[in-house]
2 protein chains.
Amino acid sequence: MKQRPRESRRTAAKMTDIARLAGVHVSTVSRALAGSPLVEASKRKRIVQLAREHGYVVNPVARSLRLQRTQMVSVVIPLQHAAGQPLTDPFFVAMLGHLAEAVTQRGYGMNLQKIVLPTHEWLDEIIASGRSDGVVVIGQSTEHETLQRAAANYLPLVVWGAQLPGQKYCTVGSDNPGGAARAVRHLLQGGRRRIVFLGDPTGPELRQRYEGYAHALRDGPPGTAAPRTVPAELTPDAAYQAVRECIAAGEAFDALFAASDVIAISAIRALTNEGLAVPHDVAVVGFDDIALAAHTTPSLTTVRQDLEQGARTLVDLLFRRLDGEETASVTLPAELVIRDSAPA
Amino acid sequence: MKQRPRESRRTAAKMTDIARLAGVHVSTVSRALAGSPLVEASKRKRIVQLAREHGYVVNPVARSLRLQRTQMVSVVIPLQHAAGQPLTDPFFVAMLGHLAEAVTQRGYGMNLQKIVLPTHEWLDEIIASGRSDGVVVIGQSTEHETLQRAAANYLPLVVWGAQLPGQKYCTVGSDNPGGAARAVRHLLQGGRRRIVFLGDPTGPELRQRYEGYAHALRDGPPGTAAPRTVPAELTPDAAYQAVRECIAAGEAFDALFAASDVIAISAIRALTNEGLAVPHDVAVVGFDDIALAAHTTPSLTTVRQDLEQGARTLVDLLFRRLDGEETASVTLPAELVIRDSAPA
DNA sequence: ATGAAAGCGCTAACAA
DNA sequence: TTGTTAGCGCTTTCAT
């Protein structure tokens, strides 16, 4: 058993050390460092100066224990399959960046947790642990019930995802059905009639995208083929495989609506490699508008989610909940961005 | 002044509550939950069961205070300018994802800090605070001296960046000079003679890339133009502007080596918009091999940094340092990936 | 095998 | 204005 050598870390100064140096009681130092007007101004300055000279900073662990408040926000990503969407997926990673931005701007720290196969009580444990003052969950995954339960007695919780009927927790998410419907109508207007849905509509967000797709198809002109799903996990490889197999099986389609940009891009490569021209033979629309989307060949027509606004909204709602407000869920617009993979 | 309403959060169970329920002393619960063989097996099981039923989890704040160990790793990103590389830059964001993966795999949490204009003692404060057991700094920025000072008496610190002479802290980074030189030699082999460096070689990593560039040019065939820098911050807009201005100023060049992919891609757009064909008129090579690079039009020839391996190595070294080992710095290979923006 | 008690570093109610 | 004191929730030595 290896041990932590003490010499490796200079023992950090404690508040009592500063108190001794200043010749005052530790409580005076605490007050001085908190800028309390109770402490005589000159003395306060002296103490603050002393602390700085000695590189002293208040120990947040002790402070948190005493105050029962951590100044931390937990960001949790429940992933369904270990092999599924990795943490490095452009969507997550952009969301994380924006969240970090918004959280640190408020003087809070952010701690990041990835939950692989959500085990029994993952969320309750995070909440009960008191490691953070509030929780942001990115994606409902298959955890709707868990979220419902947790929200029943824990206010400072916000979730990125779809808004569901009877939902008790607060979500921020894009208008998935609307965005998907716009994408499909765009394809229909372009004369496409056999439009396939690529993705696995298990989680609420993807299901909503599927429903928007199916709904728009039902309202399509005569000759519009019925909805058809090509199931695929949200990874490049899975999507690439799924599309190739679909083509090999001889299925005919003239457009593809993908549940995410990542799989849309893979689909384009699969189609191209199979000798199908995009958009001539098959038009492709994605979902997300990741940074990559504008630069692919052909550039990707997609439904844009504004993750920066999403993250800012999540954090804003979380802090209002920390202040006791029962905030309502927010749905953000999902706008169609027309590029070359499905031109006007 | 708003107040935190107590009703919003069910008061979490404490260890003493479980002790009372089990009819034992809190120390026995502590031992039981830690799986100590001292506690009689049946009693231990009963206690663990009780804890689970009541959704009890050990409070990590109290635990950390007692053990003087947090099971947390701080990840810090010092940024030079508020306006510079945002946290959402693909490089950072990919690095973050990989780090999160590696850290959580070891059962540690990760807390994320973004330091905008590094103030006096940012690193010392993070270390002194005891918020985490170890620190990963992403990028040296202009903070070499700060890192030197901190490393003098704090072992569990690792840095992504360039290895510098006389360096006392442990870095993991790509072979910047080698990678840059390979990129430039590739351009020279393709017949390019007037190769410009795009970027601002202020920080150590970019300086090393510049040096690799300059070095390769000096060894170039007769007729090779001397090194020339077009300074630009690592943002798409700054780079786009810089390149357009450079063209407008009538400067002649037939190739461009960009300090990062993000600015390389912007450069391509600037060149194209100015009527210069890539690679015909101007070849472009980037640095990073971000996900986007393979999908731009034309696809980007670039120097690949393996961030996954980088992150794994950082975390591996950090944990060895937590165990007291004085690990040496590691330089990872930086391989040239030839695509269409500078074909063979 | 279990309990008692001390103490991690800090803040705040209370006393002076 | 400052000091004294209790205690946040936990682990661990020591005593039993």
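Because the structure is a prediction, the values reported are computed rather than measured. Here is how names work: the chains are called A, B, and so on, in the same order as the sequence lines, proteins then strands, and each is numbered from 1.
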Please state how far atom [atom1] in [X] lies from atom [atom2] in [N], giving the value in whole angstrom units.
| X | N | atom1 | atom2 | value |
| --- | --- | --- | --- | --- |
| B:R63 | C:dG7 | CZ | C1' | 17 Å |
| B:L67 | C:dG9 | CG | C1' | 14 Å |
| B:H25 | C:dT2 | NE2 | P | 13 Å |
| B:R20 | D:dC10 | CZ | P | 12 Å |
| A:L65 | C:dC8 | CG | P | 13 Å |
| B:I18 | D:dG9 | CD1 | C1' | 13 Å |
| B:R46 | C:dA1 | CZ | C1' | 14 Å |
| A:I47 | D:dT2 | CD1 | C1' | 10 Å |

Subject >> Salt-bridge present (B:D17, B:R20; N to O < 4.0 Å) >> reply: yes

Subject >> B:D316 with B:R106: basic N within carboxylate O range, under 4.0 Å >> reply: yes

Verify the contact: side-chain N or O of [X] to OP1 or OP2 of [N], cut-off strictly under 4.0 Å; return yes or no.
| X | N | result |
| --- | --- | --- |
| A:T28 | D:dG3 | yes |
| B:K43 | C:dA1 | no |
| A:Q68 | D:dG9 | yes |

Original post:
Between A:P60 and B:V39, which has a closest nucleotide on DNA chain C that is more 5'?
Top reply: B:V39

Original post:
If you find the nucleotide of DNA chain C closest to B:A62 and the one closest to A:V29, which residue's nucleotide is nearer the 5' end?
Top reply: B:A62

Taking the minimum atom-to-atom distance to the side chain of [X], which one of [options] wins?
| X | options | answer |
| --- | --- | --- |
| A:Y56 | C:dC8, C:dA1, C:dC10 | C:dC10 |
| B:S30 | C:dG9, D:dT11, C:dG3 | D:dT11 |
| B:V24 | C:dG3, D:dT2, D:dT5 | C:dG3 |
| B:R66 | C:dC10, C:dG3, D:dG9 | D:dG9 |

Original post:
So does B:R31 reach the base of C:dG3 with its side chain, donor to acceptor, closer than 3.5 Å?
Top reply: yes

Subject >> Touch class at under 4.0 angstrom, heavy-atom based, for A:V61 against every strand present >> reply: nothing

Subject >> Residue pair B:G310 / B:V172: nearest heavy atoms and the distance that separates them >> reply: O-CG1, 4.0 Å

**OP:** Answer with yes or no whether the side chains of B:T327 and B:R321 bring together a donor and an acceptor at under 3.5 Å.
**Re:** yes

Original post:
Going by heavy atoms in the side chains, are A:T70 and A:R131 under 4.5 Å from each other?
Top reply: no

